[in-house]
2 protein chains.
Amino acid sequence: MNAITIKDVAKAAGVSSATASRVLSGHPATSPASRAKVEAAAKELGFVPNAQARSLRSTKTDTIALLISDVRNPYFSDLAHAVEQQAHAEGIMTFIGNANEDSAQQDDFLAAMLSRRVDGLIMVPQGLGEDAERPSGMLQRLIASGTPVVFVDRSLAGVQVPSITASSTEALNEAIATLKHLGHEKIAFIGGPDHASTARERHRAFDAALEANGLDIDESLHFAGDFKAGSGARGARWLLDHPAAPTAVVIADAPMAIGALTVWREAGVAIGQELSVITFDEVDAMLMHDPPISTISHDLSGMGRAAVAALTAVMAGQSPEPEEFISHFTQRESLSRARTGAAKMEGTPTHES
Amino acid sequence: MNAITIKDVAKAAGVSSATASRVLSGHPATSPASRAKVEAAAKELGFVPNAQARSLRSTKTDTIALLISDVRNPYFSDLAHAVEQQAHAEGIMTFIGNANEDSAQQDDFLAAMLSRRVDGLIMVPQGLGEDAERPSGMLQRLIASGTPVVFVDRSLAGVQVPSITASSTEALNEAIATLKHLGHEKIAFIGGPDHASTARERHRAFDAALEANGLDIDESLHFAGDFKAGSGARGARWLLDHPAAPTAVVIADAPMAIGALTVWREAGVAIGQELSVITFDEVDAMLMHDPPISTISHDLSGMGRAAVAALTAVMAGQSPEPEEFISHFTQRESLSRARTGAAKMEGTPTHES
DNA sequence: CGATTCCATGGAATCGATTACATAGTTTTC
DNA sequence: GAAAACTATGTAATCGATTCCATGGAATCG
């Protein structure tokens with residue numbers, strides 16, 4: 001058992017525990033002589049301060065929590081990595097928690113963090129089931145407790161918390177313009193769950209982009225997934241059976257895209273020829289795919305760093321402005337000219353033009 | 001500020017803080033009457049116990065740490081997910097740390113955990129650079145401090161710590177037998193970094209499988225990667241330029257496979273025809289690939305659960321046996337009969353046969 | 001029925017650090 | 001050269017829970 005306390009160090013160095021503490025925590029009022037003695041003794045004994053005792057008294061834990069909605073989604077693990085690296089560089093530990101897209105688990109984690117008195121929290125907020133914009137009770141208590149909080153990726157309209165989000169409006173406009181230019185008019189959308197603000201934002205931006213490009217908004221071309229692979233697969237089947245036979249599709253995240261592309265491969269759909277595909281999230285697998293998939297990508301490292309910066313600002317008593325990152329569209333060979341007439345076009349007249 | 005302490009609760013309930021503490025931590029010696037009063041008061045005031053103070057006195061944190069070597073590798077994020085779920089089910093919080101395949105970062109994390117007095121640690125151990133089997137100083141201190149430790153996925157030969165590992169011997173035997181049966185004789189191996197015991201185990205098992213199937217072991221067909229996508233891409237180019245023109249390849253993890261397959265797609269290599277591919281780690285992207293890739297998969301959920309079980313056993317003072325999971329080979333269309341002679345065979349005489 | 005055991009409870013010590021306050025010694029200032 | 005201002009240090013209080021110990025009252029026992 002490592003029972004070495006600061007008193008042991010103080011005794012070994014021949015000073016009081018107060019002096020030892022001052023030396024070890026870098027307090028200026030220490031003489032070079034005692035500094036040397038204490039440091040030598042601490043090293044000699046292999047002293048490791050007890051973080052509990054330290055933060056009980058000082059009310060600082062040098063720890064922040066990061067709550068994401070799915071560790072296994074590469075989007076979030078990239079984000080987690082960026083946040084963790086940046087926090088690490090500032091000497092802050094990161095507690096990573098996983099809500100599993102489930103608000104009960106989110107609350108468990110928040111309760112644990114509140115109890116551990118973390119210095120701050122970065123989270124991808126999850127609305128409550130029916131009422132997507134209402135924060136959970138635990139989140140309200142956490143905010144009420146004065147714990148600095150920053151939202152990243154998603155936001156909750158009713159909650160006054162700085163947020164770092166991504167805007168896909170511009171990228172989707174470009175994407176839809178490109179598709180239109182290639183002759184696509186019936187563009188399907190495989191979206192995410194309504195409780196995620198990201199999903200709503202992408203859906204909204206998709207509709208806006210159609211409109212901006214003079215295309216009809218047709219809700220029957222929208223499939224509601226849940227950001228996980230299984231729903232992408234279901235969306236892929238739904239699209240194959242769709243009476244309107246869309247010629248292009250935009251998918252709202254990478255796991256769903258992987259699920260969908262798997263189904264289309266099995267069904268023998270020629271991606272890029274029969275069906276043009278664009279997906280959110282530029283993960284490596286999209287570049288591995290033959291043909292490579294066009295993507296709308298986010299600057300996740302940037303967002304992670306910005307979140308940490310915003311959080312440290314809040315911790316310092318400031319109120320940072322919300323920050324919005326602009327997503328980026330990259331065209332790849334998964335897009336091609338829409339099949340004109342012929343083939344799959346049965347009984348669906350082109351809408352006046 | 002949430003300044004509600006147990007004293008406030010005690011006062012509101014009209015009892016002493018000792019009684020309040022007993023009620024709230026489920027101590028048996030409490031009367032129904034005071035139990036009711038304290039619980040009502042705690043709820044009323046929204047009391048959240050201070051975990052620091054609690055564990056300072058009780059020397060329990062109900063927290064374990066999980067140290068993995070790369071959060072962004074789906075293999076490890078799956079493992080993390082399994083560990084976290086299992087621990088959560090047992091009322092234990094999990095601190096997830098990321099060593100980034102870097103032993104300095106590993107030590108930082110271990111120091112932080114030692115200071116926070118976590119109840120236990122599950123880790124994917126990282127040898128020191130040159131001396132792959134020697135534990136870092138921090139790890140030695142952590143073990144010396146009496147903190148229960150369990151290794152998962154990898155192990156360190158010199159360290160007496162229960163470990164949960166995966167054996168790929170059987171799966172590789174089956175894989176190589178399958179390849180041989182299809183006429184492949186020159187099988188390349190894109191392996192991992194030597195400091196990872198998993199990488200060494202897979203390499204060893206690969207050689208053993210060649211031998212068991214009567215094939216020559218040719219170290220010139222072994223490429224040393226680092227488990228990340230970039231090295232897979234380099235391995236892919238190395239293979240294309242290889243004078244022996246291997247007809248099949250086994251890749252030691254999924255990120256390298258994705259990197260490699262991307263290069264081969266760009267180079268127009270027909271996977272499954274010109275080149276048969278088997279990879280470790282059954283991630284979704286491998287099933288999305290056309291043709292789907294044959295994999296050697298691990299029961300990550302099982303390993304995660306076993307790791308938590310082993311750790312709780314150690315925490316309870318027992319010494320659980322090391323456990324080895326058997327990996328599983330799944331053949332898919334990425335394998336086909338080796339091209340006999342012809343095509344790419346320029347000036348590379350078949351090695352005596 | 002007196003003695004013993006059991007229970008619920010409160011007072012106070014405790015965990016291991018930090019830090020307010022007091023003090024003695026040293027340096028600066030007018 | 002005396003007052004003022006630092007400086008380095010030690011003593012003791014403190015953070016918020018848990019837990020040891022003592023106590024008074026109720027239940028059990030012989």
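In the text below, chain A, chain B and the rest are named by the order of the sequence lines, each starting its count at 1.
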Seminar exercise, completed: Expected string for nucleotides 16-21 of chain C under the B/S/- scheme (protein heavy atoms, under 4.0 Å, primed atoms plus P, OP1, OP2 as sugar-phosphate) is BSBBB-
For this session: With the side chain counted from C-beta on, respond yes when B:Val308 and B:Glu90 share a heavy-atom pair under 4.5 Å apart, and no when they do not.
Result: yes
Exercise. Distance from B:Asn98 atom CG to B:Phe76 atom CZ, nearest 0.5 Å?
Worked result: 10.0 Å
For this session: Search all heavy atoms of A:Arg116 against all heavy atoms of B:Gln52 and return the closest pair with its distance.
Result: O-NE2, 3.0 Å
Exercise. Would a 4.5 Å heavy-atom cut-off, applied to side chains only, mark B:Val23 and B:Glu39 as touching?
Worked result: yes
For this session: For residues A:Arg117 and B:Asn50, determine if any side-chain heavy atom of one lies less than 4.5 Å from a side-chain heavy atom of the other.
Result: yes
For this session: Using a 4.5 Å cut-off on heavy atoms from C-beta on, say whether the side chain of B:Asp119 contacts that of B:Ile92.
Result: no
Exercise. With a 4.0 Å cut-off on heavy atoms, is B:Ser34 in touch with a base, just the backbone sugar-phosphate, or nothing at all?
Worked result: sugar-phosphate
Exercise. For DNA chain D, what string of dots and brackets results from 5' to 3' when Watson-Crick and G-U pairs need both distances under 3.5 Å, crossing pairs get [ ], and pairs with another strand get |?
Worked result: ||||||||||||||||||||||||||||||
Problem set entry | B:Phe95: partners by ring-ring contact (aromatic ring centres under 6.0 Å, His included), with sequence neighbours left out | A:Phe95
Problem set entry | For the student: nearest non-hydrogen atoms of B:Ile68 and B:Val71, plus distance | CD1-CA, 4.0 Å
For this session: Map B:Thr59 and B:His27 onto DNA chain C by nearest heavy atom, then report which one ends up closer to the 5' terminus.
Result: B:His27
